[in-house]
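What follows is a short report on a single structure.
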2 protein chains.
Amino acid sequence: MNRVGTQKKILDAAELLFSESGYYSTSLREITAKAGVNVAAVNYHFGSKEALLDNVLERRLAPLNKLRLQMLDAVCAEAKDRGRRPSVKALMHAFIAPTIGFRDSDAGSKNFVALVGRAISEPSGTVQRSFFKFMEPFITVMIDSLHEALPDLPAELLLLRFHFSVGTLVHILRANNGAGLPEQRCMAGDRAKHKERKKGYEEPKAITTATLVDEAVNFVTAGMEA
Amino acid sequence: MNRVGTQKKILDAAELLFSESGYYSTSLREITAKAGVNVAAVNYHFGSKEALLDNVLERRLAPLNKLRLQMLDAVCAEAKDRGRRPSVKALMHAFIAPTIGFRDSDAGSKNFVALVGRAISEPSGTVQRSFFKFMEPFITVMIDSLHEALPDLPAELLLLRFHFSVGTLVHILRANNGAGLPEQRCMAGDRAKHKERKKGYEEPKAITTATLVDEAVNFVTAGMEA
DNA sequence: CTTTAATTCAAACATCTGTTTCAATCGTAC
DNA sequence: GTACGATTGAAACAGATGTTTGAATTAAAG
């Protein structure tokens, strides 16, 4: 086993288990067991559990953030060429589409998006610190662009509504865990009961990634411009 | 010390610490230390840590859910009297206003809303199970009412958009932790950098609970009707 | 083949976890 | 005041946690 083999096995196992159970509820022994390596390997290759989390996040977040920034720059550049302001919808698309669509780019990415959704809501400390370290550069540019797109919206309202939008996206990612569809558990129960009461009720159709992205973009765009 | 005194002290301490650090990251010894009682008191009065969480949630969620259902029923009843469908905005107000406004109703409630925001995002298992047990009755009625308000919106889109709305609310509650304002940490850093770059940038004004509720209701209403 | 460094492994480390035990204490009814 | 059930307290429980150790193994270089 060379170095990179063991490291990758640990990263993959940690990514999966963190996304399933969260950072604090996943033990190093579970991770190393699933990876098929010794417990000491984590501290040997990464230094600590927290450093492992950093590496798990960075491996995926670095290319994702690059992609998001590219799309954001493209939107702003195209708007500038036309001498117009960027549209809220295009900005929100650059924010949401790469993030949600990321899960289709790689087998392990599906686990990762759930991990990201969970990271932002995990108790303050380790996870949030690691996460925001990677997110901050993008958010800075995003808010600047939104100010250009909505010059008449007061700063505090713009920040507040963007805050709402982040909440929407995070919730999508979090629920994205298993099937990749918005089948969060409260609704599963509801739907059954609803079905009993209403006649002629049709089971809702499955929702593709493309529809999910479109609907999410429409939802937050309408909210931003409300 | 009589029974209820000790029980209340434990519930208050657990509510605060759970909301700060989450369920899994809070130990019984931290709770009992803050409450000024013996470690054994938790198991004596509640049976287990999980049962303690149930009691923490139930103490606040029972009256809150009652209030939300009352408001929802009032909205639907008034609409029926006028022979009209309930408005999405009124429904969303019944969903959001009591939840956010709850933090002003009691000194400890401020901690509780953050706990609720965190509960829904905590790794599946204990916390989610306890939480949805209390939430389900309300959600069922809510979705039925939304179907009445938006009869032309396909079921899968309605569920999806309500899913988005829940994400927005949860994110608000989660960030609601300290000051009670949407001052999430990523934006604190952004704002500083943004301030440097833009001339004539004005620091955003503080946002009151009433504004927060109004903006949140407008945001999700616009999204639902998009 | 020998040497040398990198890596793996089983075992132990100290610490923390939720829970239990059982004697000491408290409040109350007789 | 005495007896009795409810409550508290200090201590210990068994198990899990992240981390460290030092010898064994592997891979590459001379």
Side-chain angles (χ1 to χ4, degrees), chain A residues 1-58 115 118-119 122-130, chain B residues 1-58 115 118-119 122-130:
Chain A
M1 321 272 181
N2 55 8
R3 170 184 350 203
V4 339
T6 299
Q7 282 184 332
K8 185 180 184 319
K9 280 193 283 186
I10 294 174
L11 286 174
D12 289 343
E15 179 177 79
L16 176 60
L17 292 173
F18 284 162
S19 75
E20 283 176 355
S21 310
Y23 174 75
Y24 293 105
S25 302
T26 304
S27 72
L28 287 184
R29 282 170 179 81
E30 292 177 83
I31 294 171
T32 52
K34 183 174 263 300
V37 304
N38 190 273
V39 211
V42 168
N43 284 275
Y44 176 74
H45 286 288
F46 298 99
S48 68
K49 187 186 181 186
E50 182 166 350
L52 171 62
L53 173 68
D54 262 39
N55 279 270
V56 168
L57 290 177
E58 182 164 28
L115 170 58
R118 201 174 302 298
E122 202 122 11
S124 44
T126 309
V127 192
Q128 283 207 2
R129 207 175 323 117
S130 297
Chain B
M1 320 273 182
N2 56 4
R3 170 184 351 207
V4 339
T6 300
Q7 282 184 330
K8 183 178 185 321
K9 278 194 283 185
I10 293 174
L11 286 175
D12 290 342
E15 179 177 79
L16 176 60
L17 292 173
F18 284 161
S19 75
E20 283 176 354
S21 310
Y23 174 74
Y24 294 105
S25 302
T26 304
S27 73
L28 288 183
R29 283 172 176 80
E30 294 176 82
I31 295 172
T32 51
K34 184 174 263 297
V37 305
N38 191 273
V39 211
V42 168
N43 284 278
Y44 176 76
H45 285 289
F46 298 98
S48 69
K49 188 186 180 184
E50 182 166 347
L52 171 62
L53 174 68
D54 262 38
N55 279 269
V56 168
L57 289 177
E58 183 163 26
L115 170 59
R118 199 173 302 296
E122 203 126 11
S124 45
T126 308
V127 190
Q128 283 207 2
R129 205 173 327 116
S130 295

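Lettering follows sequence order; numbering is per chain, from 1. What you see is a predicted model; the values in this text were computed from it and never measured.
In this entry the distance linking CD1 of A:Ile31 with C1' of D:dT17 reads 12 Å, nearest Å. One atom, NZ of B:Lys8, and another, P of D:dT7, lie 18 Å apart when rounded to the nearest Å. If you take OH of B:Tyr23 and P of C:dT17, they are 13 Å apart, rounded to a whole angstrom. Nucleotide D:dG9 holds its P atom 10 Å from the NE2 atom of B:His45, rounded to whole Å. For A:Leu28 and C:dT15, the CG to P distance is 19 Å, given to the nearest whole Å. To the nearest angstrom, P of D:dT17 lies 15 Å from CG of A:Leu52.
Looking at A:Thr26, its side chain does come within 3.5 Å of a backbone N or O of A:Leu17 through a donor-acceptor pair. One N or O on the side chain of B:Ser19 and one on the backbone of B:Leu16 form a donor-acceptor pair closer than 3.5 Å.
For the pair B:Phe18 and B:Lys49, the tightest heavy-atom approach, listed with the atom from each and the gap, is CE2-CE, 4.3 Å. Here the closest non-hydrogen pair linking A:Ile10 and A:Ala41 is CD1-CB, 3.9 Å.
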Just the table, please: protein N/O against nucleotides 12-15 of chain D N/O, every pair under 3.5 Å.
from   : atom 1 : to      : atom 2 : distance (Å)
D:dA12 : N6     : B:Arg29 : NH2    : 3.3

Could you go through B:Phe46 and B:Leu11, starting from their C-alpha distance and side-chain angles, then the distance that decides it, and tell me whether this counts as side chain to side chain contact (heavy atoms under 4.5 Å, CB included)? CA-CA 10 Å; B:Phe46 298 98; B:Leu11 286 175; 3.8 Å; yes

Counting only pairs under 3.5 Å, give me each side-chain donor-acceptor contact of residues 28-39 of chain B, with atom names and distances, residues two or more places apart or in other chains.
from    : atom 1 : to      : atom 2 : distance (Å)
B:Glu30 : OE2    : B:Ser27 : N      : 3.0
B:Glu30 : OE2    : B:Ser27 : OG     : 3.3
B:Thr32 : OG1    : B:Leu28 : O      : 2.9
B:Thr32 : OG1    : B:Arg29 : O      : 3.2
B:Asn38 : OD1    : B:Ala40 : N      : 2.9

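Between A:Thr6 and C:dT7, a side-chain N or O to OP1/OP2 separation shorter than 4.0 Å is absent. Taking side-chain N and O atoms only, B:Ser27 has a distance below 4.0 Å to OP1 or OP2 of C:dT17.
Of the residues in residues 33-43 of chain A, A:Val39, A:Ala40, A:Asn43 come within less than 4.0 Å of DNA chain D through at least one heavy atom, sorted by number.
Along DNA chain D, the nucleotide closest to B:Tyr44 and the one closest to A:Glu30 are compared, and the more 5′ of them pairs with B:Tyr44.
Rounding to the nearest 0.5 Å gives a distance of 11.0 Å between CD of B:Glu15 and CD of B:Glu20.
Among the heavy atoms of the strands, none lies under 4.0 Å from A:Thr32.
By the side-chain hydrogen bond (donor to acceptor under 3.5 Å, both in side chains) test, A:Asp12 pairs with A:Lys8, A:Arg59, sequence neighbours left out.
Residues B:Tyr24 and A:Tyr24 keep their aromatic ring centres 6.0 Å or farther apart.
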